[in-house]
Engineer: 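Next up is a structure, given as structure tokens.
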Amino acid sequence: MSQAKILVVDDDLDNRLIIRAALQVSDFDVCEAADGLEALDVVAKEMPDLILLDLSMPRLNGWEVARRLKGNPAFSNIPIFAFTAHAMAGDEKKAREAGCDDYVTKPCIPREVVAKIKLHLQGRKEGRHA
Ligand SMILES: [Mg+2]
């Protein structure tokens with residue numbers, strides 16, 4: 001039985017491939033988007049269970065994607081993990097203010113990202129997250 005469906009949004013192909021591979025090893029379904037506008041399309045089509053969202057992207061950045069999704073009742077319940085090299089003080093706060101539920105810094109250890117995603121989804125199932 002496959003696990004939840006994860007949308008991986010990043011304009012860097014290598015980042016998408018690495019995370020996709022790690023998620024698929026753990027039996028997650030994976031969909032991808034290469035920029036913010038594509039991400040909004042894929043969210044509407046695929047209704048993922050969680051979004052891993054790069055912040056710096058062409059066309060529409062991740063902060064704006066998070067704001068739009070969290071502002072739309074159809075999508076506001078989908079957890080969003082910011083996935084970003086912005087690791088300065090204040091960047092996590094900025095991501096959370098845009099609506100991101102958690103924060104993963106790049107470079108990352110893919111299996112740790114997968115573990116964090118699993119933990120979050122398990123917590124939701126058990127009612128520990130809204
Ligand atoms: Mg980027």
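In listed order, ligands and their atoms are each counted from 1.
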Engineer: For D29, is there an ion pair with K5 - N to carboxylate O distance below 4.0 angstrom?
Structural biologist: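 No salt bridge links K5 with D29.
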Engineer: Do the side chains of I6 and F28 get nearer than 4.5 Å, heavy atoms only?
Structural biologist: yes
Engineer: Of the backbone and side-chain N, O or S atoms of D54, does one lie nearer to the Mg ion (ligand 1) than 2.8 Å?
Structural biologist: yes
Engineer: Among L53, I51, I80, L52, which residue meets the side-chain contact (heavy atoms from CB on, under 4.5 Å) test with L7?
Structural biologist: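 One option only clears the test, and that one is I51.
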Engineer: Let me check your reading of the structure: within less than 2.8 Å of the Mg ion (ligand 1), is there an N/O/S atom from S56?
Structural biologist: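 Yes, S56 qualifies, because one of its backbone or side-chain N, O or S atoms lies under 2.8 Å.
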Engineer: Answer yes or no for D11: is there an N/O/S atom below the 2.8 Å cut-off from the Mg ion (ligand 1)?
Structural biologist: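 So D11 counts as coordinating the Mg ion (ligand 1), yes.
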Engineer: Among R124, E126, H120, find the one that has a side chain to side chain donor-acceptor pair (under 3.5 Å) with Q122.
Structural biologist: E126
